[in-house]
Each structure stands twice: as C-alpha cells, then as structure tokens.
Amino acid sequence: MFQRNPCSYTNPEPCQHLSDYKLKHGFNGYKAIQKLLVTSPIGKTSLKKPNLTIPRCSFCNGCEKRCFFCLICSSFSCLDHTLLHAQNEIGHALFVDVERAELFCGLCCDQLYDPDFDQVVMAKHSMVLPQGAIGNESIGQRLIKRRRLVSGVGLYLHNKSNKFRFSTEDLRGKSCYPLGLRGLNNLGSTCFMNSVLQALLHAPPFRDYFLSGGHSLEDCSRRTTGQLCLLCDINAVFSAVYSGDRNPYSPAQFLYSWWQHSANLASYEQQDAHEFFISLLDAIHEKEGKPRNGNKGNGECHCIAHRVFYGLLRSDVTCIACGFTSTTYDPFLDISLNLDINISLTEKGKKHAKPNENESMSTLLGCLDLFTRPEKLGPDQKLYCQNCKEKQNSLKQMSIRKLPLVLTLHVKRFEHSFVKKLSRKIDRYLQFPFSLDMTPYLSSSILRARYGNRMFAFEGDDESDMFSKFEIFAVVTHSGTLESGHYVLFVRLRKQWYRCEDAWITEVDEATVRASQCYMIFYVQKTLYNKANEDPSHPPNSAERELFIPIAGCC
C-alpha cells in the first residue's frame, strides 16, 4: 500500500477530443476568440461577445450564470444544451467557459487544461492592459509572470509579431513530489469536494488514523453485510492516494457514498466547500461515533472527526443591570469568522472614503479579535437574568475553552440579507499568518483580562501554553462570483507549498499563497506539525494512536 514511486508524476491523460480538434483546426479557433477576451485590472479574464451584455443560450434563450461558447459554430449555450450540442453535432466537442475563460469538453463533461490555450489567454494581458510604472515591466508582463508562477507553464512570445511560438514543456510534470500528493479528477463541478478532500488527506492526525489502520475494512460490519460504508470509502481514497500511483484519481465511489448521507446536496451542481466539510464530518460522526458507556448524552465520542477537529466554545452572558454572568459551552468543528469590516449589505450603495490602502485589508487576528470581543445585545435580544428574575440588557462574549488538534477557520465571504433580498461575495483581501498563537483567544486569557490578575486559577491554564501554538498546512481558496466560482487548495508539505486544482498539481511559493483569497484555513498544533515533518518520506505503519484522546460530552 505504501510502496513509493518517486520517479515521476503523471499528468491526466490528454482529452482525445481536444487532440482531434487541434489536429484538424490547429490554433485558429484559439486566435479567433482572443478578441472576445476581456481582462480586468486584477487579472481575471472572461469571454464577452460585442453588443451582448448577458450571454444567452442560443437554444433556450436562458441566461444562467454558467454559459459556454462553442469553438466551432460560435454559439452560446447553457450547460444542459452544451452537453446536448456536443452529442448531436459531430466535432463540436470543445467549448470555452464564458465566466472563467477555460476550456471545457462537452463529451467528457469536464474542464480541460491546455498550455497552448493558456498562452493565448495570457497573451491578452500584454496586448490590452495599460503600461505600468514599476521598473521596466508593464502590468501585462507582471500578470503573465504571476500566471506563469501559478500554472507552472512557460510563455514565449515573439517580439516582432503577434504569432505565438508554443512550448510543449509543462513544468507540472515535476518528479519526486511527496508521497500522497496526487491529483483528483473533477467529476462534474466537484472542485468544492476535491479541495476539502485534499486538505483532509494531508491533515496529520486525520491522515495518520487511516494510514495506521484506524478503520479496518476486514472488520467493518457494514462492508461485510454488503452495505455502503463512508469510512471504508474514505479509507479507499487514502489507500489510492498513498499507493505511489501518480495518475490523477477519481473519487467517484466516495462521492456516491457521501451523497447517500447528504441527499439534499446530491447533484452535479457546484456546492459550498465549507458546507461539504461540515456535512462530511457529521457523516463520519454518525457512522463511527460510539459512546463508551452507551449513553449518548454523557458518553465519550471516539469518532475520528471529533478526535481531530472537536473544540469547545465558552459563551458568557453578563447582565448589565446586576453583573450576573451565566456561562454555557458549545462544541465546534470549525470557527466561522466575520471579516473585520464595517461595510454591510445595507450600506452597499453608499460611498466610503478610503484614506489609505490598509483600510481595504483585513487580518485574521483582527477577525479573531472581533469574534472574542464583548457584544452588547440589542433591545430585541434581552435575555432572562436568573438574579434579577426578568429579561435584561446584557453583554455577550465568546472565548475558546478547548482547542482541537486541527483548527479550521472559515471566512464568511458570502453575505445574504433576507430583508433587502440581496446576496454578495466579499472579495476583501485577508492577511493570515503561517504560525498562529491562539493564547489571547482562550477562555483563561479572556477571563484574566476581564477580572485582572486574581489569586485563583483560570480554567485551561494547564493546556494553554502547550497546545495553543499552531502551524498552517492548507488553505482553501475561492475565485469568481457568488453564483459561479472555483475552489483551489494550497497545501504545505515538507515546508514547500503546492497548488492542487482538481487533477493538476503545481509547486508554488509562499507569496502566491499569501496573495490568495482564502476561504478556509487549516492549522495543526505545532507539536503535531513538527512531528509530521520529522520523517516525511513514509507514512506511519503502526496502529498506535497515542495522539487521540476520547472526548467527553461532544455527542
């Protein structure tokens, strides 16, 4: 299972329909659509047809957000009619995703990567963007370098003509990638699943559990009776990814098994990566969670989801009238953070002055400060005070009572207002550290700041110094709009960052990760991170799992 093959990394098999198209038409179709490409100042490229503000399907006249452009007959079509068009018209298999300016095969029902097409798109930057004033480089040239760094594909342009000299070299075929770094095929708008699944495949304690035989296929009662078992299918993914095979893997059986648990999300439409993450951990808990004493209310949960991701929040509600404080505890698998920004949906139409550039940037520490800041509840949120025996105005403050082995932070980028009937995505840049100290946000620190240095022990003091230091190992990013977007994962292995975009694996630098639009950030306790990097050449081969301690009261 763990036999290593360090000599090669194999990219996906080339699409035969793409090969046939290029053999018959060459690059004529690519060059023809170049005039339809529009590039924004931040480098996002889409396809726009002149005098057509909203692309409409040529067959049903629909204007759904995801639209495709046929490279043969130049027709626009929705996803359904794109697939029908490819089946009914011989040779009409290749399309361009209008929103993302990416190739799509209507017969394979999957997005494609072609270095030649990528070079045509990147060449648009150098021709349409204004010249910059930084050094001797134009904005277009800098964007080309940035895209080249991310994709790993070289771009070569003639200086005296607009014709292209295409290189067949693809740097993503780099050998000796770490074991377990294997691309995942897109099964139809499943980038949300692939990005989160890649993060879980490299989460040290979660990975160690499955690679150490934590879930035995031979002893699984569901598998022996012919039933579907989500844990067995997750185990199969780990076995395939860490087998040494470098060809992209298709987690089709895992997807089907997850669909059985989350029937409301079972479709080939794009889903939310955070929603998938929570749904998957809930499914693992339901399948594996078994309280030790058989009493679900008071037992200890042994499921791997809670062992790795479980934490405990403390909520203190203080009566403003008498000062009485009531405390409650709530388990969490991740923490959702609001961006430290004062602009809300209700203020979307107003103009806000921006004295300096820093005001348009948020920080992760600022978001954590906002999360643990005392909040005055409004008049319509009065809570019953046990001391006053009536509802009173109060202050609420959150803190973290217990930290998990893997801390998952979710950035709330999708904002919805049911009153205004508005929804939007917040594209605000968030600065996040690679090393994170959670000590200021622990309940012990919050209580000490509230009451001062009193001569009594605060809860959690024994654990705070040892388990509050974290190291980043994965970042899920989202690009695009609220209705149409794309998820990509950055993962850190052996102190090197890699970009995992479905089946494609690319080596990137830290600057690329820091500049990304983070949506979910995964941190692991520093002691576990250091241990995972001591000997990264092979995964654990022992069933000993001393890291995992039964957790009480989480079920």
Side-chain angles (χ1 to χ4, degrees), residues 9-15 18 43-46 66 96-97 99-105 108-119 121-122 143 146-155 170-174 177-178 180-202 237 241 246-251 255 268 270-274 276-277 473-481 484-493 496-522:
Y9 177 86
T10 306
N11 280 322
E13 289 294 328
C15 172
L18 174 61
K44 179 183 177 181
T45 303
S46 58
R66 195 174 188 193
V96 178
D97 189 319
E99 182 67 25
R100 293 160 49 187
E102 295 178 352
L103 283 180
F104 180 84
C105 179
C108 296
C109 303
D110 197 6
Q111 66 185 55
L112 304 175
Y113 180 83
D114 180 23
D116 297 332
F117 182 81
D118 189 65
Q119 293 176 30
V121 174
M122 284 298 94
L143 284 170
R146 182 175 67 182
R147 178 65 175 264
R148 186 191 309 160
L149 178 66
V150 173
S151 67
V153 179
L155 174 64
D170 190 342
L171 300 182
R172 291 174 306 172
K174 189 174 181 177
Y177 277 176
L181 193 59
R182 183 177 182 182
L184 300 177
N185 287 321
N186 192 302
L187 304 178
S189 299
T190 57
C191 60
F192 72 94
M193 178 189 74
N194 289 344
S195 58
V196 173
L197 194 55
Q198 284 280 16
L200 296 178
L201 287 169
H202 300 288
V237 176
V241 169
R246 300 294 180 173
N247 292 296
Y249 175 71
S250 296
L255 175 63
Y268 284 104
Q270 184 66 268
Q271 305 292 343
D272 181 74
H274 175 247
F276 166 76
F277 172 74
F473 72 91
V475 181
V476 173
T477 67
H478 182 273
S479 60
T481 63
S484 176
H486 186 51
Y487 291 99
V488 172
L489 178 85
F490 293 99
V491 63
R492 182 163 69 161
L493 301 171
Q496 172 62 51
W497 283 98
Y498 300 89
R499 184 177 190 263
C500 303
E501 183 176 7
D502 292 327
W504 303 92
I505 307 293
T506 311
E507 189 175 294
V508 297
D509 63 359
E510 288 189 2
T512 303
V513 181
R514 293 185 186 277
S516 64
Q517 193 173 94
C518 59
Y519 182 55
M520 297 178 67
I521 312 175
F522 294 84

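Quick caveat, the model's predicted, so the values are computed rather than measured.
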Visitor: Going from OG1 on Thr512 to CD on Glu507, what distance comes out if it is rounded to the nearest 0.5 angstrom?
Guide: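 Between Thr512 OG1 and Glu507 CD, I get 11.0 Å after rounding to 0.5 Å.
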Visitor: When rounded to the nearest 0.5 angstrom, what distance separates CD in Gln271 from CE in Met193?
Guide: 11.5 Å
Visitor: Distance check, rounded to the nearest 0.5 Å: Phe117 atom CZ versus Glu102 atom CD?
Guide: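 Taking CZ in Phe117 and CD in Glu102, the distance rounds to 8.5 Å.
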Visitor: Nearest 0.5 Å, please: how far is CZ in Arg492 from CH2 in Trp497?
Guide: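 Between Trp497 CH2 and Arg492 CZ, I get 5.5 Å after rounding to 0.5 Å.
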Visitor: Output yes when a side-chain donor or acceptor of His202 lies under 3.5 Å from a complementary backbone atom of Gly180, and no otherwise.
Guide: yes
Visitor: Which pair of non-hydrogen atoms, one from Phe490 and one from Ser516, has the smallest distance, and what is that distance?
Guide: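 Shortest heavy-atom separation between Phe490 and Ser516 comes out as CE1-CB, 3.7 Å.
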Visitor: Are the side chains of Leu184 and Thr190 in touch, meaning some heavy atoms are under 4.5 Å apart?
Guide: no
Visitor: What pair of heavy atoms forms the shortest contact from Cys500 to Val488, and how long is it?
Guide: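 Heavy atoms of Cys500 and Val488 come nearest at O-CG1, 3.6 Å.
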Visitor: What heavy-atom pair brings Ala101 and Val96 nearest, and what distance separates the two atoms?
Guide: CA-CG1, 4.1 Å
Visitor: Is the distance between the ring centroids of Tyr519 and Phe277 under 6.0 Å?
Guide: no
Visitor: If I compare all heavy atoms of Asp502 with all of Asn194, which pair ends up nearest, and what's the gap?
Guide: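 Closest approach of Asp502 to Asn194: OD1-ND2, 2.9 Å.
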Visitor: Restricting to non-hydrogen atoms, name the atom on Cys191 and the atom on His486 that form the minimum distance, rounded to 0.1 Å.
Guide: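 Taking Cys191 first and His486 second, the nearest heavy atoms are SG-ND1, 3.4 Å.
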Visitor: Do you know the tightest heavy-atom contact between Met520 and Val196?
Guide: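 Reported closest heavy-atom pair: SD-CG2, 4.4 Å.
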Visitor: Could you check whether the rings of Tyr177 and Tyr498 sit parallel, tilted or perpendicular, using 30° and 60° as the cut-offs?
Guide: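 Rings of Tyr177 and Tyr498: perpendicular, over 60°.
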Visitor: Enter the distance from Phe104:CZ to Asp110:CG here, rounded to the nearest 0.5 Å.
Guide: 7.0 Å
Visitor: Output all residues satisfying ring pair (Phe, Tyr, Trp, His ring centres under 6.0 Å) with Tyr249, sequence neighbours left out; order by chain, then residue number.
Guide: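 If we apply the ring pair (Phe, Tyr, Trp, His ring centres under 6.0 Å) test to Tyr249, skipping adjacent residues, there are no hits.
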Visitor: Heavy atoms, side chains only, cut-off 4.5 Å: are Val491 and Phe522 in contact?
Guide: no
Visitor: Can you tell me how far apart CD1 (Ile505) and CZ (Arg182) are? Round to the nearest 0.5 Å.
Guide: 10.5 Å
